[in-house]
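Model, not experiment: these values are computed from the prediction.
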Amino acid sequence: QVQLVESGGGLVQAGGSLRLSCAASGSFFSINAMGWYRQAPGKQRELVASVSSDGRPNYGDSVKGRFTISRDNAKNTVYLQMNSLKPEDTAVYYCNAAAKAYSYSVPRDYWGKGTLVTVSS
């Protein structure tokens with residue numbers, strides 16, 4: 001089992017910045033990709049950014065050039081630096097991790113409870 005705990009959400013004005021953190025804990029063999037998804041009211045959950053175990057990032061089109069994802073494998077933590085925030089970035093942001101219970105296991109997805117980011121205009 002993997003527990004993901006997010007932090008860093010809050011209220012910010014348009015043009016401002018926030019940094020989200022997500023720490024993984026529990027019992028697992030390894031964590032593969034980690035990432036952030038978001039869900040705004042009335043909309044489907046969408047990929048914000050993900051990062052592979054060797055640090056290769058992938059971004060959703062709407063955040064390219066504004067958000068930066070990184071991870072610290074020693075701390076099993078993923079970060080999302082969000083700059084130039086827009087009101088349309090307002091959403092609940094969920095941390096995701098694909099983890100293996102054993103070396104021979106198929107990776108399984110785990111989710112955090114989410115952290116609310118509100119960007120005022």
Side-chain angles (χ1 to χ4, degrees):
Q1 286 289 338
V2 176
Q3 293 80 45
L4 300 174
V5 178
E6 303 113 331
S7 60
L11 173 64
V12 64
Q13 288 190 332
S17 298
L18 281 175
R19 188 189 193 213
L20 305 183
S21 299
C22 171
S25 62
S27 177
F28 50 87
F29 174 75
S30 66
I31 298 179
N32 293 4
M34 299 185 78
W36 293 92
Y37 289 73
R38 68 186 181 187
Q39 187 166 19
K43 295 189 176 182
Q44 290 188 331
R45 189 173 296 190
E46 63 174 357
L47 171 71
V48 177
S50 64
V51 59
S52 65
S53 57
D54 60 357
R56 287 175 288 122
N58 179 50
Y59 296 97
D61 288 341
S62 62
V63 307
K64 286 180 181 177
R66 300 188 297 125
F67 292 10
T68 302
I69 191 168
S70 61
R71 66 188 284 174
D72 184 334
N73 289 335
K75 297 181 179 180
N76 293 317
T77 300
V78 63
Y79 306 95
L80 185 69
Q81 178 66 43
M82 304 186 293
N83 298 328
S84 303
L85 281 161
K86 305 175 181 179
E88 51 264 44
D89 294 318
T90 296
V92 177
Y93 284 69
Y94 296 92
C95 179
N96 169 265
K100 299 172 69 173
Y102 306 97
S103 60
Y104 50 83
S105 302
V106 175
R108 174 190 163 185
D109 274 332
Y110 293 88
W111 294 90
K113 294 182 178 180
T115 184
L116 178 62
V117 171
T118 303
V119 184
S120 63
S121 57

Legend entry - Heavy-atom check, side chain of N76 versus side chain of V2, under 4.5 Å: no

Inset, instruction - Could you check if a side-chain atom of D72 sits within less than 4.5 angstrom of a side-chain atom of Y79, using non-hydrogen atoms only? - result: yes

Inset, instruction - Could you walk me through whether R71 and N73 pass the side-chain hydrogen bond (donor to acceptor under 3.5 Å, both in side chains) test, one step at a time? - result: CA-CA 6 Å; R71 66 188 284 174; N73 289 335; 2.6 Å; yes

Legend entry - Working for side-chain hydrogen bond (donor to acceptor under 3.5 Å, both in side chains), residues N32 and S53: CA-CA 5 Å; N32 293 4; S53 57; 5.5 Å; no

How long is the straight-line distance from [atom2] of [Y] back to [atom1] of [X], given to the nearest 0.5 Å?
| X | Y | atom1 | atom2 | result |
| --- | --- | --- | --- | --- |
| S17 | F67 | OG | CZ | 9.5 Å |
| I69 | W36 | CD1 | CH2 | 8.0 Å |
| N96 | L47 | CG | CG | 9.0 Å |

Inset, instruction - Report yes or no: do L18 and Y37 belong to one cluster of Ile/Leu/Val/Met/Phe/Trp/Tyr joined by side chain heavy-atom distances under 4.5 Å? - result: no

Legend entry - With sequence neighbours excluded, residues passing side-chain contact (heavy atoms from CB on, under 4.5 Å) with Q3: Q1, S25

Legend entry - side-chain contact (heavy atoms from CB on, under 4.5 Å) partners of S84, counting only residues at least two apart: R66

Inset, instruction - Could you pull out the closest heavy-atom pair between C95 and L4, with the gap in Å? - result: O-CD1, 3.7 Å

Inset, instruction - Please report the shortest heavy-atom distance between S70 and V78, naming the atom on each side. - result: O-CG2, 3.2 Å

Qualifying salt bridge (Lys or Arg N to Asp or Glu O under 4.0 Å) pairs, either residue in [range], two or more places apart:
| range | result |
| --- | --- |
| residues 15-35 | none |
| residues 98-118 | none |
| residues 27-45 | R38-E46, R38-D89 |

Inset, instruction - Return yes if some donor-acceptor pair links the side-chain N/O of Y94 with the main-chain N/O of E6 below 3.5 Å, else return no. - result: no

Inset, instruction - Please say which of L80, V48, L85 ends up in a side chain to side chain contact (heavy atoms under 4.5 Å, CB included) with V63. - result: V48

Return all side-chain donor-acceptor pairs below 3.5 angstrom for residues 114-121, not counting sequence neighbours, or 'none' if the list is empty.
{"from": "T115", "atom 1": "OG1", "to": "G9", "atom 2": "N", "distance (Å)": "3.3"}

